[in-house]
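Hydrogens, waters and symmetry mates are skipped; everything else that's a heavy atom, side chains included, is used.
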Amino acid sequence: MAHDYSSQGRLSPSSYEEDMGMLLAPRLAYFAGVARHEHVTRAAQELGVPQSTLSRAMVRLEQDLGVTLFTRKGRTVSLTPAGRDFLVSVERALAEVERAAESVRADADPSGGKVAFGFLHTMGSETVPELIRAFRVDHPRIRFTLVQNYGEAMIERLRAGELDLCLTSPVPDAPDLVARRLDEQRLRLVVPDDHRLATRKRIRLAEAADETFVTLEPGYGLRRITDALCAEAGFSPRVAFEGEEAETLRGLVAAGLGVALLPPPAVPRPGVVELTVTAPRAIREVGVAWLDGHVDTPPVAAFKRFLLSRRGNLLPD
């Protein structure tokens, strides 16, 4: 039997679209169950709810939609044409929710879940692959989403919930983050192999005050460290080229376009000489950061413990 509904209790036009999804969502599984059984009692038994609750939910669903979804004969119901159309979309929506639920359950699986891990470009060729290899000895099924970027960009992705953890430098100091220092890395002055300083083993940074530098772009942690070390040595670097990746800078140095303060390379690069800086102390601290208050899934918690256990042994000598 069809029901005639007045507009009383219906959503006003101004709030209809924004509130409709919220109103309908709890009743969609009930609707699908009733539609599947075409019987309120059997659907209530399957769904584990009282029959009266289910009947009221279906009446309220029709009221909210302003559409008759069922024709009724006792406790037996059948879908109207509008109800059949609605069921197609409801089943698709419920299936999508189930896929989403399965995905987050899989990501949180202690033995085979996922970690979203960010790190600096300079750690991508050697440090991070070795870390993951060592971690997966005891956690072979845990998966990783890996993101290479500069420090500030990774911090923003932490705050946006896109990363669980990140390795970065300098170690951030912000009230909404937790950061732990893991290791330090010596920086070297990299010069072309035909440079006037190329025969040296060690150098005070002040001796490079008149050199042209190639550096990372402003906003990169290594650029801030370079500027700070040069200031400590008594000069402001004259920058000719700015890049986004340390090995590109090494290529520019090899081409004779300047000198650079860089961490050690994964493999020696021809065309350059790397000098130990004796003063000021040229290092960068590397740490792990995460969002304060972020609830770790078991895979993230396991990888965090692993990283913290590598304190002092994170980077190759």
Side-chain heavy-atom pair His121, Leu216 within 4.5 angstrom cut-off:
no
Do Arg202 and Thr276 meet the criterion of a side-chain donor-acceptor pair at a distance under 3.5 Å?
no
Could you give all pairs that pass the ring-ring contact (aromatic ring centres under 6.0 Å, His included) test and reach residues 146-188, with sequence neighbours left out?
Tyr150-Tyr220
Would a distance-only check, ignoring hydrogens and angles, find a side-chain to backbone donor-acceptor pair under 3.5 Å from Thr76 to His39?
no
Tell me whether Arg36 is salt-bridged to Glu91, with the criterion being a basic N under 4.0 Å from an acidic carboxylate O.
no
Should Leu307 and Phe135 count as side-chain neighbours, where that means a heavy-atom distance under 4.5 Å?
no
Is the shortest side-chain heavy-atom distance between Val128 and Phe117 below 4.5 Å?
yes
Exercise: identify the closest heavy-atom pair between His37 and Ala43:
CD2-CA, 3.7 Å
Would you call Val253 and Arg269 a side-chain contact if the rule is heavy atoms closer than 4.5 Å?
no
Under a 4.5 Å cut-off applied to non-hydrogen side-chain atoms, are Arg250 and Glu274 in contact?
yes
Distance col, row Thr127:OG1 vs Ile132:CD1, nearest 0.5 angstrom, shows 11.0 Å
Any donor-acceptor pair under 3.5 Å linking the side chain of Arg204 with the backbone of Ala279?
no
Go through the steps to decide whether Asp296 and Leu165 satisfy the test side chain to side chain contact (heavy atoms under 4.5 Å, CB included), and finish with yes or no.
CA-CA 10 Å; Asp296 294 335; Leu165 303 163; 5.6 Å; no
Calculate, to the nearest 0.5 Å, the distance between atoms OG1 and CD belonging to Thr41 and Gln51 respectively.
3.5 Å
Checking side-chain polar atoms at under 3.5 Å, does Glu38 have a donor or acceptor matched by the opposite partner on Ser78?
no
Checking the side chain of Asp164 only, and the main-chain atoms of Ala116 only, is there a donor and an acceptor separated by less than 3.5 Å?
yes
Rounded to the nearest 0.5 Å, how far does CD1 of Ile225 lie from CD of Glu285?
8.5 Å
Just verifying a value: how many Å separate Glu242 CD and Glu217 CD, rounded to the nearest 0.5 Å?
6.0 Å
Taking it one step at a time, do Gln63 and Val59 satisfy side chain to side chain contact (heavy atoms under 4.5 Å, CB included)?
CA-CA 6 Å; Gln63 288 175 338; Val59 170; 3.9 Å; yes
I'd like to know whether the aromatic ring centres of Phe70 and Phe31 sit less than 6.0 Å apart in this structure.
yes
Considering non-hydrogen atoms only, spot the tightest contact between Leu94 and Ala32 and give its length.
CD1-CB, 3.8 Å
Taking only Lys NZ, Arg NE, NH1 and NH2, and the carboxylate oxygens of Asp or Glu, determine whether Glu211 and Arg196 approach each other closer than 4.0 Å.
yes
For Glu247 and Pro265, which heavy atoms make the closest approach, and how far apart are they?
OE2-CB, 4.0 Å
Over all heavy atoms of both residues, which pair between Pro172 and Ala179 is shortest? Give the atoms and the distance, please.
O-CB, 3.5 Å
d(Leu61 CG, Leu69 CG) to nearest 0.5 Å is 5.5 Å
Are Leu314 and Leu167 close enough that some pair of their side-chain heavy atoms sits under 4.5 Å apart?
yes
Check whether any side-chain heavy atom of Val137 sits under 4.5 Å from a side-chain heavy atom of Arg133, and report yes or no.
yes
Interatomic spacing from OG1 in Thr278 to CG in Leu189 - rounded to 0.5 Å
11.0 Å
Taking all non-hydrogen atoms of both residues into account, name the closest pair between Leu315 and Met123 and its distance.
CD2-CE, 4.3 Å
Quiz question: by atom type and distance under 3.5 Å, do the side chains of Arg284 and Thr122 form a donor-acceptor pair?
yes
pair Val273-Leu275: side-chain heavy atoms closer than 4.5 Å
yes
If every non-hydrogen atom of Tyr30 is compared with every non-hydrogen atom of Ala57, which pair is closest and at what distance?
CD1-CB, 3.7 Å
